[in-house]
Amino acid sequence: SLQSYLFDDTALNTDDRDVLHGDLGATLGYRPMPKISSSLRFSFQHNQTIYIDESKSATNQTQQVYSIVPTFDYKITSKVGFREEGSVILNATFFDFNDDQNRLSRTTELRSTIDARLHRKLGFSLRHGIRFLQDGSYSRGEEDGIRRFGKSSEDTSRDLSFRAEYTPL
């Protein structure tokens with residue numbers, strides 16, 4: 001989609017701009033047996049802001065977000081199931097006239113879950129997740145002009161949870 005913002009008094013308001021937005025998504029599923037299923041989901045978003053007034057052109061920017069999410073489900077028995085889900089998300093922001101402000105964030109996650117319904121009144125769930133985040137700038141090399149990622153921070157987190165559910169009635 002394309003949106004244009006135009007103001008009558010351009011001398012007082014220099015926010016005339018065009019905003020371009022696009023989305024693309026696809027999911028592929030595969031079920032080789034009744035107990036096993038998997039899927040792969042891909043999405044892409046593109047957002048671009050272009051200011052018409054040259055005094056604001058330094059803030060012209062393009063944002064691109066890529067995500068890939070694979071899943072795997074295995075029904076071990078009629079009462080116990082296992083699920084593995086991962087994700088990789090890249091979020092890049094490029095400034096048209098200021099490479100020093102360019103940013104790239106990369107997030108990778110893996111989540112594993114075992115659900116068990118041992119009795120119609122009693123169930124358990126065990127979940128484990130790990131998340132890895134990198135953030136940094138994405139600037140051009142002075143010698144060759146090629147854009148490269150320079151990591152400024154990273155973070156790794158893990159979580160583990162156990163849930164027990166009992167329904168007396």
Side-chain angles (χ1 to χ4, degrees), residues 1-3 5 15 17-32 36-51 54-76 80-116 123-165:
S1 68
L2 176 64
Q3 296 174 332
Y5 297 88
D15 284 339
R17 65 192 177 277
D18 290 333
V19 178
L20 177 67
H21 177 76
D23 283 314
L24 174 68
T27 302
L28 176 65
Y30 181 59
R31 189 178 183 113
I36 297 175
S37 66
S38 62
S39 68
L40 180 63
R41 187 174 73 234
F42 168 80
S43 69
F44 170 72
Q45 292 179 346
H46 178 90
N47 297 299
Q48 188 172 12
T49 303
I50 301 169
Y51 283 90
E54 63 185 43
S55 68
K56 297 266 186 142
S57 64
T59 59
N60 289 356
Q61 65 175 292
T62 301
Q63 181 187 31
Q64 295 177 336
V65 180
Y66 300 85
S67 72
I68 299 172
V69 180
T71 61
F72 173 78
D73 289 290
Y74 177 55
K75 192 164 185 149
I76 299 167
V80 179
F82 172 76
R83 179 177 180 89
E84 190 88 5
E85 182 178 63
S87 66
V88 177
I89 300 171
L90 303 173
N91 186 341
T93 302
F94 305 104
F95 287 83
D96 295 346
F97 301 108
N98 191 350
D99 280 345
D100 292 338
Q101 287 187 319
N102 292 349
R103 304 294 305 159
L104 177 64
S105 173
R106 300 187 291 201
T107 305
T108 306
E109 291 186 74
L110 181 62
R111 295 167 297 281
S112 305
T113 305
I114 296 176
D115 286 314
F124 297 98
S125 179
L126 178 65
R127 293 191 171 117
H128 176 263
I130 185 167
R131 181 175 187 245
F132 183 64
L133 171 67
Q134 288 184 327
D135 190 49
S137 60
Y138 200 59
S139 57
R140 293 186 189 277
E142 290 186 20
E143 298 87 36
D144 56 13
I146 296 174
R147 290 186 183 196
R148 291 188 176 84
F149 177 67
K151 182 173 49 174
S152 61
S153 68
E154 69 180 17
D155 181 55
T156 301
S157 60
R158 294 174 178 11
D159 64 85
L160 181 65
S161 66
F162 176 77
R163 182 181 58 86
E165 178 184 315

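Note that the coordinates shown come from a computational prediction; the quantities given were computed from them, not determined experimentally. What you see below is based on every heavy atom in this structure, not just the backbone, and it leaves out hydrogens, waters and symmetry mates.
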>> Quick check for you: to the nearest 0.5 Å, what is the distance between Asp159 atom CG and Ser157 atom OG?
In response: 7.0 Å
>> I need the Glu84 CD to Leu110 CG distance, nearest 0.5 Å.
In response: 4.5 Å
>> Apply side chain to side chain contact (heavy atoms under 4.5 Å, CB included) to residues Val80 and Ile114 and explain how you reach the verdict.
In response: CA-CA 7 Å; Val80 179; Ile114 296 176; 4.3 Å; yes
>> Going by the rule ring pair (Phe, Tyr, Trp, His ring centres under 6.0 Å), which residues pair with Phe162 if we only count those two or more places apart in sequence or in a different chain?
In response: Phe124
> Step by step, would you call Ile130 with Thr156 a side chain to side chain contact (heavy atoms under 4.5 Å, CB included)?
Replying inline: CA-CA 7 Å; Ile130 185 167; Thr156 301; 4.3 Å; yes
>> Applying salt bridge (charged side-chain N to carboxylate O under 4.0 Å, His left out), can you list everything that pairs with Lys151, at least two apart in sequence or on another chain?
In response: Glu154
> Does some side-chain heavy atom of Arg106 sit less than 4.5 Å from a side-chain heavy atom of Leu133?
Replying inline: no
> In Å, rounded to the nearest 0.5 Å, how long is the span from OG1 of Thr113 to CZ of Arg127?
Replying inline: 5.0 Å
>> For Phe132, give me all partners under ring pair (Phe, Tyr, Trp, His ring centres under 6.0 Å), at least two apart in sequence or on another chain.
In response: none
> Quick one: does Asn102's side chain have a donor or acceptor within less than 3.5 Å of a partner on Phe95's backbone?
Replying inline: yes
> For Phe44, what residues pass the ring pair (Phe, Tyr, Trp, His ring centres under 6.0 Å) criterion, not counting sequence neighbours?
Replying inline: Tyr66
>> Show, in sequence, the C-alpha distance, side-chain angles and deciding distance for Ile36 and Asp73, and conclude whether the side chain to side chain contact (heavy atoms under 4.5 Å, CB included) test is met.
In response: CA-CA 6 Å; Ile36 297 175; Asp73 289 290; over 6 Å; no
>> So, using side chain to side chain donor-acceptor pair (under 3.5 Å) as the criterion, who are the partners of Arg158 when residues are at least two apart?
In response: none
> In chain order, what residues pass the side chain to side chain contact (heavy atoms under 4.5 Å, CB included) check against Glu142, with sequence neighbours excluded?
Replying inline: none
> Nearest 0.5 Å, what's the CZ-CG distance between Arg163 and Leu126?
Replying inline: 11.0 Å
> side chain to side chain donor-acceptor pair (under 3.5 Å) with Ser67: which residues, sequence neighbours excluded?
Replying inline: Ser43
>> Which residues pass the side chain to side chain contact (heavy atoms under 4.5 Å, CB included) test with Ser152, not counting sequence neighbours?
In response: Arg103, Asp135
> At what distance, to the nearest 0.5 angstrom, does OG1 of Thr27 lie from CG of Leu40?
Replying inline: 8.0 Å
>> I need the minimum non-hydrogen distance between Gly86 and Val69, along with the two atoms involved.
In response: O-CG1, 3.3 Å
> How would you list, by chain and number, every residue that makes a side chain to side chain donor-acceptor pair (under 3.5 Å) with Thr71, sequence neighbours excluded?
Replying inline: Ser39
> Which residues satisfy the ring pair (Phe, Tyr, Trp, His ring centres under 6.0 Å) test with Tyr74, sequence neighbours excluded?
Replying inline: none
> Between atom CZ of Arg83 and atom OG of Ser37, what is the distance when rounded to the nearest 0.5 Å?
Replying inline: 7.5 Å
> What residues, two or more places apart in sequence or in another chain, satisfy side chain to side chain donor-acceptor pair (under 3.5 Å) together with Glu143?
Replying inline: none
> Excluding sequence neighbours, so at least two apart, what forms side chain to side chain contact (heavy atoms under 4.5 Å, CB included) with Val88?
Replying inline: Thr108
> Given side chains that start at C-beta, do those of Ser125 and Glu165 come closer than 4.5 Å, heavy atoms only?
Replying inline: no
> Do the non-hydrogen side-chain atoms of Gln48 and Val19 ever get within less than 4.5 Å of each other?
Replying inline: no
>> Within a 6.0 Å radius of atom CZ on Arg41, are there more than 12 heavy atoms belonging to other residues, nucleotides or ligands?
In response: no
> Could you go step by step and tell me if Phe82 and Asp115 meet the side chain to side chain contact (heavy atoms under 4.5 Å, CB included) rule?
Replying inline: CA-CA 7 Å; Phe82 172 76; Asp115 286 314; over 6 Å; no
